[in-house]
There are 2 protein chains.
Amino acid sequence: MQKRAPSPRVTTRDVAERAGVSQPTVSLVLSQNPTARISPETRARIIKAAEELRYSPNLVARSLVRSRSYALGIIVPDFRNPFFADVVSSVERVAAEEGYAVLLCEAGESSPAKYLDALHARIIDGVIIDAVGASSVHADLLDRTNVVLIDQLPGRWPGVATDAESAGAQAADHLIAFGHRRIAFIGPAIDVHSFRMRERGFWNALRAAGISLPSEYLVRANATALDGRAAMRSLFALDPRPTAVFCVNDVVAIGALKACIAAGAHVPGDISIVGCDDIELAQLVTPELTTVKVPARELGGRAARLLIRTIEGKAPGKYLGRLLPVVLVARGTSGPAPGDRS
Amino acid sequence: MQKRAPSPRVTTRDVAERAGVSQPTVSLVLSQNPTARISPETRARIIKAAEELRYSPNLVARSLVRSRSYALGIIVPDFRNPFFADVVSSVERVAAEEGYAVLLCEAGESSPAKYLDALHARIIDGVIIDAVGASSVHADLLDRTNVVLIDQLPGRWPGVATDAESAGAQAADHLIAFGHRRIAFIGPAIDVHSFRMRERGFWNALRAAGISLPSEYLVRANATALDGRAAMRSLFALDPRPTAVFCVNDVVAIGALKACIAAGAHVPGDISIVGCDDIELAQLVTPELTTVKVPARELGGRAARLLIRTIEGKAPGKYLGRLLPVVLVARGTSGPAPGDRS
DNA sequence: CGTGTTTGCTAATTCGTATTGTCAAGACCT
DNA sequence: AGGTCTTGACAATACGAATTAGCAAACACG
């Protein structure tokens, strides 16, 4: 016993009847490319009838016949993370501007495969994937639809990405320039390409500076504030303690900062912290977080535009290719290494 | 020149052909209530064929004939606000468990009417609205579909809500108990019911305690951290200055806290701050934020379950009615009023 | 052996829109 | 007047699954 939709739907047939024409004529007038040959009078009559009846097209029926749904999927691991919230928000905005709806999927740390199936069943026009293990998904699942990957290895599918390796390198260089030599890293073990690249850029920059570090300075922790805090606590147990930490993202960094303050350590006097993303919150903690600014909204916006262009058969234009640049923003959580005169 | 979907879709007809039966039989086996009378052998043959062809039903076609899309809409003003992100996240989780997709709409401070039209065209099964001005939308728009409102006036449509009035009252009582008498409020002017109720509960509690306040202690600001910061700055210009501030939500409170620290004011020594929501971040700023805990995830989860039960024609069960309780969590940003001995 | 009943499947139709092909009426030309 | 062109509309059909009605075969029973 389903509850019935309260008001019956107005169809093209209703409009046709009212305007004294046939259903296809209504369809031609209300949907078609302006190529159709319809007399101005008929057109006006149909439009008037449609307005009077408050006709609104049934996009499901349209989807069926056109094999187009004007809907996009987006898969992110966790949009309670402000960075992903920004990405999703900008995707939604662009999609809405272009007349597309957005189906939201939060995959957590599991594979997006499950969601890909669900989206495919709905004849999604395309999907943006910024999720764990996207690169390990069966190619079949991705080949059935239009895909844009965010922050993944350049490969078979188009994508947009930030220069994550540079982000890690800039963080390392910043800390090195402040005289730090014992520098730790906190980041997750999961297969998120941008995280991996940040880490790689970081280690490479250290190696280039001739700094090598004990394995205890690499702490694996989930990309959440709580885990960042716990990770920082474990670093305090070490001897010698690191004088600086690069965290894989700002949420982790804020957790780490919290741990330092709770432990009575002075930031940046005793220990420097650098995050990554530059979420809004970075400027609201005290001291303000030194971080690498990553253009989240531009990332999402580009992904959406690239996907929509692909769907509509246009050239990708300027939306493909280049790594989006990132830049370190020095704020209050980084400073000279303790005992360093430079 | 559209790009064609790479791999052709497997339909019930394909499965039927492979299994040596007719299309309707396949449909009966793969979709219907188990009422259908199909011999076990035929059933097995069809299921096998479906698996071999990796059949996945076209939900668009199913939607068209059933007038059901197994998709929900959710409209929020801003999901970069962690509170709404929590709501959306919990809605998405429940929806996914029950086999529904979620269409995300970020309405900003504009009316959700525009999105309601777009959702209606997609034969959404129902919509959850937690947005500005939801109560002022034309009833027609809401009557066409199943609706659950979050944090709105109890009225014609079912809804779930938190006890926002109590939230304001608890914040006020907490500050009064600490001896504060000059207490300010920072909150937006927009028509968000929960914000209004928080404000009302707050003023009522003050009035009940015999405290009346100058109008300058009511500061209008958007519900963002940046605006919270600016609002707090304006409070510093007053003489006499308030000794405590209740902020309409945590994001604003964190902005206000930042302004205090930047101005060199001691929190809670010089000024106490109380927020509302208890987002994760509340425990990550220093000092940790005193706030009123609002069960965002439960709110979203209940809304989703209530909506799905309505759609499926079941009784609302326990998901309707009661205001979700809120409770003040005293942390580090609130303390005795300056000069108060109590 | 005929009649009634059940079982197991299929033919035909529906949902609402898009699209192709067709066809009548008028315009235009020789 | 007879023919070709153009214009403007419509009839027919497709999209993929669901659903109703109905048909044939198998079975039961007197």
Side-chain angles (χ1 to χ4, degrees), chain A residues 2 4-5 7-47 49-50 53-70 120-125 144, chain B residues 2 4-5 7-47 49-50 53 55-70 120-125:
Chain A
Q2 315 275 68
R4 294 183 60 79
S7 52
R9 188 169 268 277
V10 178
T11 72
T12 45
R13 226 176 296 272
D14 300 326
V15 176
E17 192 176 348
R18 183 173 185 107
V21 297
S22 72
Q23 176 270 325
T25 309
V26 173
S27 179
L28 287 175
V29 168
L30 296 181
S31 76
Q32 189 97 350
N33 355 11
T35 341
R37 315 165 304 189
I38 303 287
S39 74
E41 304 86 53
T42 309
R43 183 180 296 270
R45 211 150 23 99
I46 290 173
I47 289 174
L53 294 175
R54 306 185 68 243
Y55 168 76
S56 114
N58 184 330
L59 292 191
V60 171
R62 178 178 291 177
S63 297
L64 183 59
V65 59
R66 285 202 183 153
S67 299
R68 286 281 309 280
S69 64
Y70 298 91
H120 179 242
R122 290 170 197 278
I123 323 251
I124 243 33
D125 288 341
R144 320 184 279 201
Chain B
Q2 314 275 63
R4 296 182 58 82
S7 53
R9 188 169 268 278
V10 178
T11 72
T12 46
R13 226 176 297 271
D14 301 327
V15 176
E17 192 177 347
R18 183 174 185 109
V21 297
S22 72
Q23 177 269 326
T25 309
V26 173
S27 179
L28 287 174
V29 169
L30 297 182
S31 76
Q32 190 97 350
N33 355 11
T35 341
R37 311 167 308 190
I38 303 288
S39 72
E41 304 86 52
T42 309
R43 184 180 295 271
R45 209 148 28 95
I46 290 173
I47 290 174
L53 294 175
Y55 168 76
S56 114
N58 183 330
L59 291 191
V60 171
R62 176 178 293 177
S63 296
L64 183 60
V65 61
R66 285 203 183 155
S67 298
R68 287 281 310 280
S69 63
Y70 298 91
H120 180 242
R122 290 168 197 279
I123 324 247
I124 241 35
D125 288 341

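Every value quoted in this text rests on a predicted model; they were computed, and no experiment measured them.
Across the protein-nucleic acid pair, A:L64 atom CG and D:dA14 atom P stand 13 Å apart, rounded to whole Å. Following rounding to the nearest Å, A:R62 (CZ) and C:dT17 (P) show an atom-to-atom distance of 8 Å. Atom CG in B:L28 sits roughly 16 Å away from atom P in C:dT7 (whole-Å rounding). For the pair A:R13 CZ and C:dC15 C1', the interatomic distance rounds to 9 Å; values are reported in whole Å. The distance between atom CD1 of A:I38 and atom P of D:dA9, rounded to the nearest whole Å, is 5 Å. Nucleotide D:dC15 holds its C1' atom 11 Å from the CZ atom of B:R9, rounded to whole Å. With rounding to whole Å, A:N58 atom CG is found 14 Å from D:dG16 atom C1'. Atom CZ of A:R45 and atom C1' of D:dC10 are 14 Å apart (whole Å).
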Begin from the C-alpha positions of A:I123 and B:N58 and carry the test side-chain contact (heavy atoms from CB on, under 4.5 Å) through to its verdict. CA-CA 7 Å; A:I123 323 251; B:N58 183 330; 3.2 Å; yes

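Contacts of B:S27 with the nucleic acid, taken as non-hydrogen atoms under 4.0 Å apart, include base atoms. Using a 4.0 Å heavy-atom criterion, one finds that A:T11 contacts the sugar-phosphate atoms exclusively. Within the 4.0 angstrom heavy-atom criterion, only backbone atoms of the sugar-phosphate kind lie near A:V21; the bases stay farther away.
An OP1 or OP2 oxygen of D:dA17 is reached within less than 4.0 angstrom by a side-chain nitrogen or oxygen of B:T12. OP1 or OP2 of D:dA17 has at least one side-chain nitrogen or oxygen of B:Y55 nearer than 4.0 Å. Here A:S39 does not reach the OP1 or OP2 of D:dT7: none of its side-chain N or O atoms lies under 4.0 Å away. Close to D:dC10, at under 4.0 Å from its OP1 or OP2, lies a side-chain N or O of A:T25.
For B:S31 and A:V65, each mapped to the nucleotide of DNA chain D holding its nearest heavy atom, the one lying further toward the 5' end belongs to A:V65. Two residues, B:E41 and B:S67, neighbour DNA chain C, and the one matched to the more 5' nucleotide by heavy-atom proximity is B:E41. Mapped onto DNA chain C by nearest heavy atom, B:P24 and B:R66 fall at different nucleotides, with B:P24 at the one closer to the 5' end.
Counting atom types as modelled, B:Q23 pairs a side-chain N or O with a base atom of D:dA18 as donor and acceptor under 3.5 Å.
The shortest non-hydrogen separation linking A:L64 to B:A61 is CD1-CB, 3.8 Å. Closest non-hydrogen pair, B:T11 versus B:Y55, comes out as C-CE1, 3.7 Å.
The number of heavy atoms from other shown groups lying within 6.0 Å of CD (A:Q23) is above 12.
Residues that satisfy the salt bridge (Lys or Arg N to Asp or Glu O under 4.0 Å) test with A:R18, not counting sequence neighbours, are A:E52.
Comparing D:dA17, D:dG8, C:dT10 by their nearest atom to the side chain of B:S22 picks out C:dT10.
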